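Everything below concerns the one structure shown next.
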Amino acid sequence: MPSFSFVHLEFLAWAAMWTAGLSAIAFLGGGLLGFLVALARVSSSGALRTVAAAYIQIVQGTPLLVLLFLIYFGIAILGFDQVPAIIAAAAGLIIYSSGFLGEIWRGCIESVPKTQWEAAECLALSRWQRMIKVILPQALRIATPPTVGFLVQIVKNTSLASVVGFVELSQAGKLINNSIFEPFTVFIVVAVFYFAMCFPLSLWSRNLERKLNVIHR
């Protein structure tokens, strides 16, 4: 029976790159959609706030695993061509990330002191000008640490993409283990790869919290 070799390590390294790439897609796409959701949550329009709040409740109340199944299998059930695994995984993670990032950023925007909103209004700035020039720069300072922290969750949640056939790091580990039956060795290496991706992000998040002095704000 073959044992763990450099070929297996190389395969895991490539899978780790796919995991990192999927995480980047999910973060960028989810960040863009989440930003729009956050703006809708603090909009002056009651209808927009209601729709955004409902979207967040639905996304946060739906397990990511179920979301991936709905996208991958649901589209085919509706009569359309089944989407590739990478697209289904990316779409599911983008929607999932947007729901959480939107709420994180909404809280950061609303945590900017009311005096800042009032001061900007006294300068006769429009709502968009107040948001762009006064509120968002301050909210960005508050939002950076929790955003980086959530990125760690995105990296770990990519492991669920295997349910739609996408071969990321954890799925690659399963495939190797099925061929050599060395679960301890294989998944120790998988854990090391995850640690190498997540620990620097966790450390960066803690450093940002300390530097930006937002822990006790």
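Keep in mind that what you see is a predicted model, and the values were worked out from it rather than measured. Below, each value reflects all heavy atoms present in this structure, side chains not excepted, and no hydrogens, waters or symmetry copies.
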| Between Phe100 and Ile56, does a side chain to side chain contact (heavy atoms under 4.5 Å, CB included) hold up when you go through it step by step? | CA-CA 7 Å; Phe100 285 89; Ile56 289 174; over 6 Å; no
Are Leu39 and Trp105 close enough, and set up right, to give a side chain to side chain contact (heavy atoms under 4.5 Å, CB included), and what steps lead you there?
-> CA-CA 9 Å; Leu39 291 180; Trp105 293 344; over 6 Å; no
- Residues Phe166, Gln171; criterion side chain to side chain contact (heavy atoms under 4.5 Å, CB included); working and verdict: CA-CA 8 Å; Phe166 182 74; Gln171 178 67 1; over 6 Å; no
Test Ile176 against Phe181 for side chain to side chain contact (heavy atoms under 4.5 Å, CB included), laying out the working first.
-> CA-CA 8 Å; Ile176 292 173; Phe181 301 103; over 6 Å; no
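Contact of the Glu168 side chain with the Ser170 side chain is registered, since non-hydrogen atoms from C-beta on lie closer than 4.5 Å. With contacts defined as side-chain heavy-atom distances shorter than 4.5 Å, the pair Ile71/Val164 does not qualify. Side-chain atoms of Met131 and Val42, non-hydrogen and from C-beta on, do get closer than 4.5 Å to each other. Phe195 places none of its side-chain heavy atoms less than 4.5 Å from the side chain of Val190. By the 4.5 Å heavy-atom criterion applied to side chains, Lys174 and Val186 are not counted as neighbours. Side-chain contact between Ile180 and Thr185 is absent, with no heavy-atom pair separated by less than 4.5 Å. A heavy-atom distance below 4.5 Å is not found between the side chains of Tyr55 and Thr50. In this structure, Pro84 and Ile87 have side chains that are in contact, with non-hydrogen atoms separated by less than 4.5 Å.
Once rounded to the nearest 0.5 Å, the distance linking CG of Leu151 with CG of Leu201 reads 5.0 Å. Atom SG of Cys108 sits about 6.0 Å away from atom CD1 of Ile142, to the nearest 0.5 Å. For the atom pair CG of Leu64 and CG of Leu68, the computed distance is 4.5 Å after rounding to the nearest 0.5 Å. Atom-to-atom distance recorded for Phe27:CZ and Leu93:CG is 13.0 Å, nearest 0.5 angstrom. Atom CD of Gln153 is separated from atom OG of Ser23 by 11.5 Å, given to the nearest 0.5 angstrom. One distance of note links CD1 of Ile135 with CH2 of Trp128; it measures 13.0 Å at 0.5 Å rounding.
Between Arg41 and Glu103 a salt bridge is recorded (basic side-chain N to carboxylate O distance below 4.0 Å).
Tyr72 and Leu65 fall within a single hydrophobic cluster, where Ile, Leu, Val, Met, Phe, Trp and Tyr side chains are chained together by heavy-atom contacts under 4.5 Å. Hydrophobic clustering, with ILVMFWY side chains joined whenever heavy atoms are under 4.5 angstrom apart, keeps Leu70 apart from Leu160. By the criterion of side-chain heavy atoms lying less than 4.5 angstrom apart, applied directly or through intervening Ile, Leu, Val, Met, Phe, Trp or Tyr residues, Ile95 is grouped together with Ile104 in one hydrophobic cluster. In the hydrophobic clustering of this structure, Ile109 does not group with Leu36; members are Ile, Leu, Val, Met, Phe, Trp, Tyr whose side-chain heavy atoms approach within less than 4.5 Å, directly or through other members. Hydrophobic clustering of Ile, Leu, Val, Met, Phe, Trp and Tyr side chains at less than 4.5 Å, counting indirect connections, unites Leu175 with Val163.
Side-chain atoms of Thr19 and Tyr194 form no donor-acceptor pair, as typed in the model, at a separation below 3.5 Å. For the residue pair Thr158 and Trp18, no side-chain donor N or O sits within less than 3.5 Å of a side-chain acceptor on the partner. Using modelled atom types, one finds a donor on one side chain and an acceptor on the other under 3.5 Å when comparing Gln138 with Gln116.
Of all heavy-atom pairs spanning Ala15 and Ala172, the tightest one is CB-CB, 3.5 Å. Nearest heavy-atom pair across Ala40 and Ala52 is CB-CB, 3.7 Å. Scanning both residues, Ser43 and Arg49, for their nearest heavy atoms gives O-NH1, 2.7 Å. Leu33 and Ser98 make their closest contact through CD2-OG, 3.5 Å (heavy atoms, listed as atom of the first residue, atom of the second, distance). Summarising the geometry of Ala89 relative to Ala161, their closest heavy-atom pair is CB-CB, 3.8 Å, with the distance given to 0.1 Å. In this structure, Ala38 and Gly102 approach most closely via the heavy-atom pair CB-O, 3.5 Å.
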